[in-house]
Amino acid sequence: MGGRCVHQEGWYRGARRLVPSSSRSFVTCRRMTVTASYRPVPAHVDLPATERDVIALWESQGTFDKSLEQREGAPRWTFYEGPPTANGTPGVHHVEARVFKDVFPRFRTMQGYRVERKGGWDCHGLPVEIAVEKELGFNGKPDIEAYGIAEFNAKCREAVLRNVGLFEEMTERMGYWVDTDDPYRTMDTSYVESVWWALQQIFEKGLLSEDYRVAPYCPRCGTGLSDHEVAQGYETVVDPSVFVRFPLTSGPLAGEASLLVWTTTPWTLVSNALVAAKADVTYVAASNGTETLVVAEPLVEKALGEGWTIDARFEGSDLEGWAYQRPFELVTWPDDNAHYIVTEDYVTTDDGSGLVHQAPAFGADDFLSGRRNGIAMVNPIDSSGHFEAGLDLVGGAFFKKADAALVADLDSRGLLFRHVPYEHAYPHCWRCHTALMYYASPAWYVRTTVAKDALLRENENTAWYPETIQWGRYGDWLRNNVDWALSRNRFWGTPLPIWRNDADPSKLVCVGSLAELSELTGRDLSGLDPHRPYIDDVTFTRDGEDGTYRRVPEVIDAWFDSGSMPFAQWGYPHVEGSAEKFEQAFPAQYICEAIDQTRGWFYSLMAVSTLVFDKNSYENVVCLGHILAEDGRKMSKHLGNILLPVPLMDEHGADAVRWFMACSGSPWQARRVGHQALQEIVRKVLLTYWNTVAFHVLYARTAGWSPADGAPPVAERPVLDRWLASRTQELVAEVTACLERFDTQRAGASLAQFVDDLSNWYVRRSRRRFWNGDPAALATLHDTLDVVTRLMAPLTPFITEQVWQDVVRPTDPQAAESVHLASWPVADDTLIVAGLDDQVALARRITELGRAARAEAKARTRQPLRRALVPSRAWEQLGDELRTEVEDELNVGALESLAGASGDLVEYSAKGNFRSLGKRFGKQTPKVAAAVAEADAAALAAAVADGGSYAVVVEGETVEVSADDVIVSERPREGWAVVNDQGETVALDLELDEALVQAGIAREVVRMLQEARKNAGLEVTDRIRVTWAASGQAADAVRAHTATISEEVLAVELGEAAPRPASAGQSEGYVASDEDLGVTISLVKA
RNA sequence: GGGCCUAUAGCUCAGCUUGGUUAGAGCGCUUCCCUGAUAAGGAAGAGGUCACAGGUUCAAGUCCUGUUAGGCCCA
């Protein structure tokens, strides 16, 4: 097999199975084909500008479409796009989720899967209505009705798509590949019909029903809210908290005492029906000399304060039936059954007085208690949240605004015991921020509680990232599942497709499509807009039945729309071909949103598909933490700390933003995004990678080398090549494993470390070989860049595409036309050399120590030293090749073993290796370690050196220790610069002779000339003519090293002469001089 | 009141699953070194009660319990 073999196209080759990579390796790459060479690459790159070019390239090549066409017939990896409501401008937090929605589909596509990415828009719902209302200056439902539902909904339809353009711009700019040409839209007729079909399924299972319930209700919006909407709207507010006297009118304390009742909603006192006590709590009648009050015993002090004496005790159950005088007589009560004490389990003694005021219309517990006790429903507040106009004191007042007047009135009548502001979290409408009422009204429910076991089962089978959500936050929510309040008394939503017989309200028909409706009505309604108000006009009768069927007025919760997207995006089951599409793409392998969707989309998806198909619609769900501003707070206009996504990407590049989202910190955690973090990514990751590419291209072009020219097999290349090849394969395995478990953080850390090693170790150490155009080095780096480019492609699709176009594609006719059409690398185990990475790590460790020793001895690196000594074990492990690397790096003549030095040069020390000793000796570990430390280290070192063991005595017992049990350090004695750390030692021989000094000077001169070359603006390949002037030792040194210096600086001539005076003839040469060195040079381009 | 998450250097964060000798990185600061790709790189220094208190263990940043503080969610 020929060809450049690192990447190979067609890992998936169109057959209906996955074909793993063949065993082609990049060991031998010889091909006779003449290949074009690398495209020139600028050393400095403008990343945002490059990204715009790449976007244009993708556009012109149709790359995204090709990434799907190429996988025609391949196994699918299904992704669902959670539809944003395009009802606002996109923010940086949208980028976060979209990065994750892009990375894994790209990765899986490269792995050979077909990953369809159908975009979608959430079109219905209150947010849209609110925005339109605001635009039209409306203030509630009556305004809308006056305006006309048809016109209003037309405005909503228009508003929804108004910001789509902004989302599309951001989507394109960040490189998120999603099909925005053919998105699903929840307002489309086919989508609505799918939702109807699902509701019909649920209806037929008896799980869709109407009930009176107390539910959170927004009086401004005039609709009930679902629990997950309520969940989003808690706000901390200060409410009046009042303790009120309810004088007793029956029972043993009648006329003598009052109940003390606590509430934070004084406006509900108008509708008080009952007081609840807890049966098994002790209540007391307490007096302070002027009055007697009844409270729960544990709360006496908290509720009443000091100075109260207890007159009598009662069990809660004793209180049952005692009547009291209600706090307000503002509303007439229809019967006599009210205003007495009942017992309820939900009463607690945590807060208040242990006596709870109940108003059945305004609390869930109150409602159930009222129903149990046959209490009439008294509700003086209309659906807009205002008290009935005719009432005294509060007539026409908005419920929240009535508190002050009511409290003042209680006070004036002597019923107010105490009034303190109370700060608590109270639910508000998540869109309009109006305080919610808990309000009894009829509503349609999906009986999700019936499916609770199935939901728990499906959750068990779903993989959550991070997994704590599964049975933590989300599982908790499922276990406390309540029925889904589905209906909304609104306008812009999927109409609830239930028609009720007006003669017999128990007769209901749930319609699953316009076709069914056509059949029922006997006229063709296939072209009907299924929205209000048109659908409201559709009525029908049925043979043999009296009355007319009319649609119920409600629309449904938009969350049900989004939860239906797995099938509704295809119009399933009505649209032709939708069944096949649905079956191919259900369930999804992957969805991803931020954590706020636990009770939103994650739930609605799971609930809908479990109810309809008895199966969850996603297998893996990634749940992201929120993005915060640089100051650690939420981004908000109010705080002025907003970063807009497109400008942010135009400044730093989308790749940097993507890398931040995917790889910086933990994605599950709330994270701070800021300019500094992004700049660091650009500098440390992206530019380091780019510079390595630029370096490679520069020297490959200089040498006229291209991959087709071939190179020796990897096994025959120098050690650093073998190391890099091995490390690259390990990187492939590591990054693949990380991405397969959705761990972008670790994948990013591995890649960043690799790029750093590549640039700052491999390339730096191998520069000389690149200057010389060594095919082994060039081939190694080329193949590595090819692999790492593909590994980085899902994370940073732009810069990798540019590199692909500059480096891989021009040099390989078989290369895919885009990196995103290339196949994912598969680790070639045959290239992995066991232990090599450790050896190289040791070499790097020793150079580190050597540098430290030089710094300590103030021996600058350019001054060659005769030799450095390292422990014998390290010396052996390194081998010849790596010893040479270390010698070069440290600028020493030779790296020698300490063991070879004369005996008194080395001092041994030994200490115990706790990890090893601990396993063997347990409790005795510290004693054995102490014995090792005290032993004769030289003898011990000698004994264990050859795999032998050494006996130490611990509390009279002899214990054998071997090499693994101890850490032996060798430490040279005086006259040496020594750095010793954790068993590794480097000793430098600091003695200089004339030859070394001269070599040092020569190297200074080289350095000087190189700098001069650079300052003179020469190309790296330019030859030069040099003249120099120096005296004494320096002159001797230059003379002695003329050949070396010339070679190093590409001088065709290096003559000793008086340089031209600086004042004259500067145009003919570049002059530099170093006073410390006593050398002046002058150079001209040859 | 309940659930979950977090607490490690001035700042941003790894490390905790699987306990091991002297707890790391980057940014910032100081002093050096190196540099014919680099907006880079390297060495040294300053900077840490690994939130606190118990416990398990020969050994705890890591495991267990409790507490405190912050965050998110729910009541």
Side-chain angles (χ1 to χ4, degrees), chain A residues 41 43-45 227 230-232 234 348 350-351 424-425 427 466 468-469 471-477 479-480 595-596 598-599 625-626 628 630 632 664-666 668-672 674 676-677 679-684 686-699 745-746 749 752-753 756 759-761 763-764 767-768 770-771 844 847-856 858-862 889 891 911-919 921-929 933 967 979 981-983 1006-1007 1009-1014 1018-1022 1048-1050:
Chain A
V41 166
H44 297 282
V45 63
D227 290 272
V230 175
Q232 301 189 10
Y234 275 81
T348 70
D350 296 333
D351 260 326
H424 63 153
T468 51
I469 307 280
W471 295 118
R473 184 176 290 214
Y474 187 75
D476 208 47
W477 160 254
R479 281 188 286 256
N480 297 315
I595 192 160
D596 52 312
T598 12
R599 287 157 170 77
H626 286 123
L628 304 175
E630 202 155 21
S664 288
S666 173
W668 332 129
Q669 221 63 56
R671 290 177 295 164
R672 303 178 181 196
Q676 210 192 323
Q679 275 159 8
E680 199 175 316
I681 288 164
V682 168
R683 283 191 2 245
K684 306 288 285 190
L686 302 178
L687 289 183
T688 306
Y689 164 70
W690 181 263
N691 287 327
T692 307
V693 169
F695 173 89
H696 176 71
V697 170
L698 175 64
Y699 287 103
Q745 184 189 14
R746 214 174 268 265
Q753 182 62 55
D756 187 64
S759 172
N760 292 317
W761 177 252
V763 171
R764 199 169 53 77
R767 274 182 297 195
R768 193 163 294 266
F770 286 94
W771 305 340
R844 298 182 68 175
T847 57
E848 267 173 43
L849 291 173
R851 286 193 201 113
R854 270 188 177 274
E856 199 169 302
K858 299 210 184 307
R860 55 188 166 64
T861 310
R862 268 179 246 134
E889 189 70 12
N891 196 16
K911 57 183 177 177
N913 179 352
F914 277 77
R915 190 189 281 272
S916 166
L917 293 178
K919 285 194 187 99
F921 298 108
K923 279 194 183 198
Q924 300 295 314
T925 306
K927 289 168 185 159
V928 178
I967 295 167
V979 168
D981 191 33
Q982 302 210 15
V1006 168
R1007 162 68 192 147
L1009 282 162
Q1010 301 291 29
E1011 200 170 287
R1013 283 184 62 114
K1014 205 176 200 175
L1018 299 183
E1019 296 296 317
V1020 297
T1021 49
D1022 289 339
E1048 287 290 301
V1049 303
L1050 301 183

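Note on naming: letters A, B, ... go to the chains in the order of the sequence lines (proteins, then strands), and numbering restarts at 1 for each one.
- Between the side chain of A:Thr598 and the backbone N or O of A:Ile595, at least one donor-acceptor pair lies under 3.5 Å.
- The side chain of A:Arg915 places an N or O atom within less than 4.0 Å of a non-bridging phosphate oxygen (OP1 or OP2) of B:rG20.
- In this structure, the NE2 atom of A:His626 is 10 Å from the P atom of B:rC72, given to the nearest Å.
- Residue contacts for A:Gln676: at a heavy-atom cut-off of 4.0 Å it reaches the sugar-phosphate backbone alone, with no base atom in range.
- By the 4.0 Å N-to-carboxylate-O rule, A:Lys1014 lies too far from A:Glu1019 to be salt-bridged with it.
- Looking at heavy-atom distances under 4.0 Å, A:Arg862 makes contact with sugar-phosphate atoms alone, never a base.
- Put simply, the side chain of A:Arg479 gets close to the backbone of A:Trp471: a donor and an acceptor are under 3.5 Å apart.
- B:rU8 and B:rA25: their C1' atoms are spaced 12 Å apart (whole Å).
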Dot-bracket notation for RNA chain B, counting Watson-Crick and G-U pairs under 3.5 Å, with | for partners on another strand: (((((((..((((......[...)))).(((((.......))))).....(((((..]....)))))))))))).
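- A donor-acceptor contact under 3.5 Å links the side chain of A:Arg473 to the base of B:rC72.
- Salt-bridge check for A:Glu848 with A:Arg844: failed, with every basic side-chain N at 4.0 Å or more from each acidic carboxylate O.
- Distance A:Gln669 CD to B:rG70 C1': 12 Å, rounded to the nearest Å.
- Across all strands, A:Gly912 comes closer than 4.0 Å to base atoms (heavy-atom distances).
- A donor-acceptor contact shorter than 3.5 Å links the side chain of A:Arg1013 to the backbone of A:Asp1022.
- Other residues, nucleotides and ligands contribute at most 12 non-hydrogen atoms within 6.0 Å of the CZ atom of A:Arg768.
- Rounding to whole angstrom units, CG of residue A:Asp476 and C1' of B:rC5 are separated by 13 Å.
- Regarding A:Gln753, its CD atom lies at a distance of 12 Å from the C1' atom of B:rG26, rounded to whole Å.
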Sequence-aligned protein contact record of nucleotides 37-44 of chain B, with B where the base is within under 4.0 Å of a protein heavy atom and S where only the sugar-phosphate is: BBBSSSS-
